[in-house]
Amino acid sequence: MVSEVWTLLCERREFFWNLCVQHLVISAAAVGMAIVFGGIIGIIAGEMRRSSKPIVGIVNFLYTIPSISMLGFFIPVFGIGNTTAVITLTLYALLPMVRSTYTGLKNVDEHLIEAAKGMGSTKFQILYKVKLPLALPVMMSGIRNMVVMTLALAGIASFIGAGGLGVAIYRGITTNNMAMTVAGSLLIALLALLLDWVIGVLEKWRGKRKKKGRKKLIIAGIMILAAGIGGSFLWNEGNKTEIVHIATKPMTEQYIMGEMLDILIEDSTDLQVEITQGVGGGTSNIQPAMESGDFDIYPEYTGTAWNMVLKKEDLYTEEKQGELRRAYQEKYDMEWLGMYGFSNSYALAVRKDLAETYDLHTISDLKEIAPSLTFGAEYDFYEREDGYEPLCETYGLQFKNTVDLDIGLKYEAAGQKEIDVMPIFTTDGQYSVSDMVALEDDLHFYPSYACGNIVRGEVLRKHPELQQILGKLDEILTNKEMARLNYEVETEGKEPRQAAEEFLRKKGLIL
C-alpha cells in the first residue's frame, strides 16, 4: 500500500498539488475570517462580562451542529461550492478563537489593569496596550488549534462540490481506489502538522522579539492579510470566468461521463470546461445549483428526475420521456440532450450464499426471511420516493436492521457479511465480479433510469454548438459497456479520464 500511494503521488503530482492549494486556500479563507470575527466577538465577551455567557453559549451551540447539517442549511442560500464551504468552516473555527480571546482577556491580572487606570489610560489604551498583549499567548494557542482543526475539517468541502483534498478521499472511496483515499488523508494530516509546526516556530520567534511595536505590526498584518484572502476568495466565487461548468454525482460512471463531456466539448470547441466531480447528495444538491446557474450540465437519470425533481409519484417509464422533457423546458428552462443509451436501473441483490440456501429468485421471496437480514444502502436511498420505505411497503418487507453506507463501500460490506441485502445498479462494475445475486423485480416496483445530460437553456442559447456536440453521445453506450467501463476504473485501476478517452476514441468521436 505504501508503494502504491507513493507511486500515485508521483504520477499525479500536479493533481494532488492543485488539491493541496485548493485545500489551503479554503482553510486560509475560513481561518482569516474566524480570526477577525472570532477575535472581535471574544473581545466583546471579555469586555462586557454580562454578555459573555450568552455569546459563548451561542458559539458552543453552533459547534454542536453536525457539519453535514450545517452545509445543508447554507446550500439553499449560498449554493454549491467554496462559498458555502468557507462560511461553514468559519463558523466551526469561531469557537477556539472566541474562547481563547475571552479566556486570555479574562485572566489578565486585575492589579495591572488598576495600575494602567491609575496612570490615566483610557479603556481602549488598556485593551490595546495591556490586555491584548498579555492575552496574546492564549490567543495564539487558540489560533494554533483552530488552524489544525480547520485543515482537517476542510476535507468535507468536497461533499458540496468545493475543492481540496477531500476530493481525493471521496473519489477514492467511490471508485474503490484505496491508494487515492490514503493519499488524500495523508496529505491533509501532513498539511495540518506542517502548519502547526510553522505557527509554533512563529510563536517562539515572536517571544524573542524585543520591539513590541514591530511585533504588533506583524500580527496585525497577518490578520489583515488573512481577512483579505477570505474576502477576495468569496468575492471571486461570484465573478467566475465564462466557462462550461459540469457537475457529476459521486458514482464511478458519473466520473467517467463527466470526463467524456469535458474531452468532447474541449476537443470540438474553444470552450473551457470545469468539472465538479462527486457532488454529495447527488440530484438534491446539483439540481438547485443548476437552477441558480452554478452548474451548466450534468448527467441525470430519467426516473430520478421524474420522482426527485418533478415530484411525480407514479412509476416512470420511457413512454413518459416526452412529458419529462416538456416539464423541464417549461419549469426550469433546461433540455435533455445526449441520451447515452444505457439505463442504470435499480435491482435488489442478496449474497449468493443466502440466495442458494433459501432458494431466492424474486424480491417477493425475501418476505419470509427479511426479519433476520440486514439491509444496507447509500444515504439518499432511504429518503427517495422510490427508495427503502416504498420498496418495503410494496413487497411487505421488514428487515432486522438497516445500515447507511457510501456507494463505494456496499460491496465490501456485503463481502464481509456485515449486510445481507442491498440495492445495486444494473451497470455496477463491482457487481460483475461479486458474490451477489440480483433478484427479479416481480411486482415491477423500479422505474426506468435511462441516462442523459441536462443542460441549461441559457447555456445552449449562448453556445448553440453544444446541441450538436452532445447529440453525438446518443446511444453510444449499452448497459454492458457502461458496466465494463466502471469495472476498468474500480477494479483495474484506470483513471476515469483514461477510460473515457479510450472509449471516445474507440467510438470515433475523438482522434
E313, CD atom: more than 12 neighbouring heavy atoms under 6.0 Å: no

Exceeds 12 heavy-atom contacts within 6.0 angstrom, atom CD of E368: no

Q272 side chain to E266 side chain, donor-acceptor N/O pair below 3.5 angstrom: no

Check against side chain to side chain contact (heavy atoms under 4.5 Å, CB included), Y446 and L315: CA-CA 7 Å; Y446 288 118; L315 187 74; 5.9 Å; no

Side-chain donor or acceptor of T150 paired with backbone N/O of S27 under 3.5 Å: no

Side-chain donor-acceptor contact under 3.5 Å, Q498 with E259: no

Residue pair D442, S364: steps toward the side-chain hydrogen bond (donor to acceptor under 3.5 Å, both in side chains) verdict: CA-CA 7 Å; D442 52 309; S364 294; 2.5 Å; yes

Under 3.5 Å: donor-acceptor pair, side chain of D474, backbone of M339: yes

Verdict with supporting geometry, L348 and F375, side chain to side chain contact (heavy atoms under 4.5 Å, CB included): CA-CA 10 Å; L348 206 62; F375 185 95; 3.7 Å; yes

Over all atoms of both residues, closest heavy-atom pair of L360 and D365: CD2-O, 3.5 Å

Over 12 non-hydrogen atoms of neighbours within 6.0 angstrom of CD in E465: yes

Residues forming a ring-ring contact (aromatic ring centres under 6.0 Å, His included) with Y332, sequence neighbours excluded: Y328

Cation-pi check, R12 onto F15 ring (under 6.0 Å, within 45° of axis): yes

Matching residue for F503 among I476, I256, I263, L509 - test: side-chain contact (heavy atoms from CB on, under 4.5 Å): I476

Side-chain donor-acceptor pair present, T374, N401, cut-off under 3.5 Å: yes

More than 12 heavy atoms from other groups under 6.0 Å of CD on E418: yes

Nearest heavy atoms of M422 and G376, plus distance in Å: CB-O, 3.1 Å

Heavy-atom donor-acceptor pair, K417 side chain to A414 backbone, under 3.5 Å: no

Steps toward side chain to side chain contact (heavy atoms under 4.5 Å, CB included) verdict (I454, E335): CA-CA 6 Å; I454 296 179; E335 301 284 346; over 6 Å; no

Pair E318-T302, side-chain donor/acceptor within less than 3.5 Å: yes

For A192 against V148, the heavy-atom pair lying closest together: O-CG2, 3.9 Å

Any donor-acceptor N or O pair under 3.5 Å, side chains N307, Y301: no

Minimum side-chain heavy-atom gap L443-Y395 below 4.5 Å: yes

Side-chain donor-acceptor contact under 3.5 Å, N344 with T427: yes

Taking every non-hydrogen atom, the tightest pair across I188 and G166: CD1-N, 4.5 Å

Pair D428, Y487: side-chain N/O donor-acceptor within cut-off below 3.5 Å: no

Any donor-acceptor N/O pair, Q254 side chain to K249 backbone, under 3.5 Å: yes

Nearest non-hydrogen partners of H23 and L191, listed with the distance: CD2-CD1, 4.4 Å

Donor-acceptor pair between S343 and S345 side chains, under 3.5 angstrom: yes

Any donor-acceptor N/O pair, R351 side chain to V421 backbone, under 3.5 Å: no

Test item: side-chain donor near acceptor, R325 and Q329, under 3.5 Å: no

Close aromatic pair by centroid cut-off 6.0 Å: Y346 and F445: no

Centroid separation Y388 to Y382 less than 6.0 Å: yes

More than 12 heavy atoms of other groups within 6.0 Å of K506 NZ: no

Y255 and E253 side chains, donor-acceptor separation under 3.5 Å: no

